Amino acid sequence: MDGGAMTDSPHILSDRPTEDADDPAADGFHDFWADAVADEIEARDPTDPIVIKGGVSPSGVAHLGNVNEIMRGHFVAEVLRERGHEVRQVFTSDDKDPLRKLPRKLADADGEIVGLGDVDAGALGRNLGKPYTAIPDPFGERESYAAHFAALLRADADRLDVPIEMVSNTALYADGAFDEAIHTVLSDLDGVRDTLGAYQNKVDDEYVPFNPVCAECGTITETVTAVDPAAGTVEYACTDLEVGDDVIEGCGHEGTATFREGKLPWRLEWPAQWDVLDIDFEPFGKDHAEGSWPSGVDLARTVFDTEPPVPMVYEWFTLGGETLSSSAGNVVTVPELLEILEVEVVRYFFALHPKRGRDLDIQRIDQLVDRFDRFERAYFGEVDNAELTRFAERAYPFVVGPSLDRPADADPADRIRLPYTFAAVLGMVEDPALREQLARDEGHIGDDAPEWAVREALGRVERARTWAERTDNEYNYRLQTTLPDVDLDDDVAAALDDLADVVAAGTDGEAIQAAMYDTARDHDVEVSDFFEAGYRLFFDQPQGPRLGEFLGDLEREYVVSRLRREA
RNA sequence: GGGCCGGUAGCUCAGUUAGGGAGAGCGACGGACUCUUAACCCGUCGGUCGCGUGUUCAAAUCGCGCCCGGCCCGCCA
């Protein structure tokens, strides 16, 4: 390592800023981390378009962890665009990698997670060791497994309003984009071995960093017997491929491959991508921070004669306190999340500081929404907290994104957010008009609320409803449209009849609530038993929301006949 | 074992880059609403800022040592 090593740490959001009086971009504190990253990029004085990269190897499921690669880069891209730069955000699908083992779970085209039993698993098993782009789509829809997976990521980016350019690694090889890089590597084998050997023990005097695809069986091979950089070819033997404890058998074929008929190993492929795609910035997970990043930096400079991009390490997050694991089923996809959260809430989650380990807890997703709502209120100057307000003023415009469907003359400050758990309560009734009425009665929607704001506010109800159902939590009650099957004591039944009379006479929710207590006492019924009877009649459950006021908002005929057990 | 990154209230987190008030929401508890029944309102409780130590008039924040967790240091990505 030379003197530049100090600045090669990928932890640019943790390190103390380097003192550099000549650097006009290093202008100190930022409330939004993406600004600090953008400073680093601008300090390199890059030429437009600035290119931001993310990348992922096709696995079975595009889960929310992969979204880090998309969203972290996106916020930086947007900040740079605001500063007047042209920015491209590319996303490489590292799809020339071989399928090394069968995934336990797959996501279908809609993002729904399915097991291997639901697809043609045998087709996958027969293709172990082959590039993802050479394996049929298990769902039979796209041209390959890789294409299927890339389409999932593309769809997720679209759903999150992030414009990305998908780049197939296989296509880059096929088009010859890597030809020069491979030529460079194979022309200086000693140099590459020296550099890479400092990071990887497997690199010895025999090591050739190029993996041809066997012309006979199509698997990726690791045994190169001769190289001819000038001719642009290598000689190889299709030997066994060790994958963890397993072995993918080679066919024994010996042949010649061009640079377009193979791939670089990851440690070299990554810096080669930086060079070929002219990457200025790349966020990556902490697993890369101490492994491939330092070696990539070194290889970029010593082998490819290029400067590595500005890095940024993000912490992984957990789901319900556990690490994400598609095989263990502990994953959540973007489509799933968007069934319970507005897009802006998901984007907000990724606008939070990348260096913080975070837990996404579906059971208590209302907490995340509450925090978003507060963040939004801070943007509109409604929260007495200077720090939060500074962060919100900077980050909120990037978080809400372009997706809001509002009239041109809408004042964003007029937006309405129903508290998420209240929205879940409204989700107990199905009728949209009744939902709105309840929200108005509770004062969440004012008389002068614009139509678009009401529509947006009520959009949360269905999401909260889905959440309640999916987690089967204390909001998962459903107003019963038909009379549930309930056994009632005679005195409870008599009390219900009395209560029905009170409601029939016309009274408001508060009075109904009061009448419930009075009626119960009149009939010598335990108050709790009486409430339970009410909950069973209306929700087919022993508990529920504050009942009297809830009933007061429902249609009177319906309430009366239900209390009388008539319908 | 070595390196890197984290550790702030029961939970989720802000604050750490530039040293000066320890904070928010939720939960819990209590109250209010003629009313033990979950939405809304008011209030209270709740933290040795992982531990120790040093520097400083002053440390969650800076230095050093340690503890705990994650990642990397094999392969692969």
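Worth saying up front: this structure is predicted, and the values here are computed from it rather than measured. Letters A, B, ... are given to chains in the order of the sequence lines, protein chains preceding strands, and every chain is numbered from 1.
Side-chain N/O atoms of A:Arg374 include none lying less than 4.0 angstrom from OP1 or OP2 on B:G23. A sub-4.0 Å separation between OP1 or OP2 of B:G70 and a side-chain N or O of A:Arg356 is absent. Of the side-chain N and O atoms in A:Gln200, one or more sit less than 4.0 angstrom from OP1 or OP2 of B:C75. One finds no side-chain N or O of A:Lys286 lying less than 4.0 angstrom from the OP1 or OP2 phosphate oxygen of B:G69.
For B:U8 and B:U16, the P atoms lie 16 Å apart once the distance is rounded to whole Å. Across B:A59 and B:C49, the matching P atoms stand 12 Å from one another, rounded to whole Å. B:G47 and B:G10: their P atoms are spaced 7 Å apart (whole Å). Rounded to a whole angstrom, the distance from the P atom of B:G21 to that of B:A58 is 13 Å. The gap from the C1' atom of B:G15 to that of B:U34 amounts to 46 Å, rounded to the nearest Å. Nucleotides B:G25 and B:U44 are separated by 12 Å at their P atoms, to the nearest Å. When the P atom is used for both B:G43 and B:C26, the distance is 12 Å, rounded to whole Å. B:A60 and B:G74 have their C1' atoms separated by 39 Å, with the value rounded to a whole Å.
Rounded to a whole Å, the CG atom of A:Leu102 is 20 Å from the P atom of B:C76. Summarising the geometry, the separation between CZ on A:Phe391 and C1' on B:G23 is reported as 16 Å, rounded to the nearest angstrom. Per the geometry, NE2 belonging to A:His353 stands 19 Å off P belonging to B:U12, to the nearest Å. As a whole-Å value, the separation of A:Ile365 CD1 from B:C13 P is 11 Å. The interatomic distance linking A:Phe349 (CZ) with B:U12 (P) rounds to 12 Å, in whole Å. One can place CZ of A:Phe422 at 20 Å from P of B:G25, the figure rounded to the nearest angstrom. Here the C1' atom of nucleotide B:A24 and the CG atom of A:Asp373 are 14 Å apart, to the nearest Å.
As judged by a 4.0 angstrom heavy-atom cut-off over every strand, A:Lys101 is placed among residues making no nucleic acid contact. Using a 4.0 Å heavy-atom distance criterion, A:Ser292 is classed as a base contact. Across all strands, A:Ser57 comes closer than 4.0 Å only to sugar-phosphate atoms, never to a base (heavy-atom distances). A:Tyr477 comes within 4.0 angstrom of a base, heavy atoms only. Base contact: A:Asp287 has a heavy atom under 4.0 Å from a base atom. Contacts of A:Trp270 with the nucleic acid, taken as non-hydrogen atoms under 4.0 Å apart, are absent. Across all strands shown, A:Pro98 has no heavy atoms under 4.0 Å from either base or sugar-phosphate atoms. If you check every strand for non-hydrogen atoms under 4.0 Å, A:Tyr535 touches a base. Residue A:Asp359 is classed as a sugar-phosphate contact, given heavy-atom separations below 4.0 Å to backbone atoms only.
Donor-acceptor pairing under 3.5 Å, judged by distance alone, is absent between the side chain of A:Glu290 and the base of B:C71.
In this model, no donor atom of one side chain and acceptor atom of the other lie less than 3.5 Å apart for A:Tyr396 and A:Glu344.
Of the listed nucleotides (B:C5, B:U36, B:G74), B:G74 has the atom at the smallest distance from the side chain of A:Asn201. Among the nucleotides B:G25, B:C5, B:A39, the one closest to the side chain of A:Val425 is B:A39. In the set B:C13, B:A39, B:A77, B:C13 carries the atom at the smallest distance from any side-chain atom of A:Arg371.
Proximity of the aromatic rings of A:Trp266 and A:His288 is defined here by a centroid distance below 6.0 angstrom, and this criterion is met. Ring to ring, A:Tyr314 and A:Trp33 are not that close: their centroids are 6.0 angstrom or more apart. Taking the centre of each ring, A:Phe372 and A:Phe349 stay at or above the 6.0 Å mark.
Taking a pair to require two hydrogen-bonding distances under 3.5 Å in either a Watson-Crick or a G-U wobble arrangement, B:G65 pairs with B:C51. With both pairing distances under 3.5 Å, B:A9 is matched to nothing as a Watson-Crick or G-U wobble pair. Nucleotide B:G1: paired with B:C73 (Watson-Crick or G-U wobble, both distances less than 3.5 Å). The partner of B:A28 is B:U44, by the rule that a Watson-Crick or G-U pair needs both atom distances under 3.5 Å. The partner of B:U36 is absent, by the rule that a Watson-Crick or G-U pair needs both atom distances under 3.5 Å.
Paired with A:Thr219 under the rule side chain to side chain contact (heavy atoms under 4.5 Å, CB included), one option of A:Pro98, A:Cys238, A:Pro131, A:Pro212 passes, and it is A:Cys238.
In terms of the side-chain hydrogen bond (donor to acceptor under 3.5 Å, both in side chains) criterion, residue partners of A:Glu342 (sequence neighbours excluded) are, by chain and number, A:Arg460.
Nearest-nucleotide mapping onto RNA chain B: of A:Leu438 and A:Arg100, the residue sitting toward the 5' end is A:Leu438.
Looking at A:Asp35 and A:Arg394, a side-chain N of the basic residue comes within less than 4.0 Å of a carboxylate O on the acidic one, giving a salt bridge.
Using bins of under 30°, 30° to 60° and over 60° for the plane-to-plane angle, the ring pair A:Phe391/A:Phe375 lands in the tilted bin.
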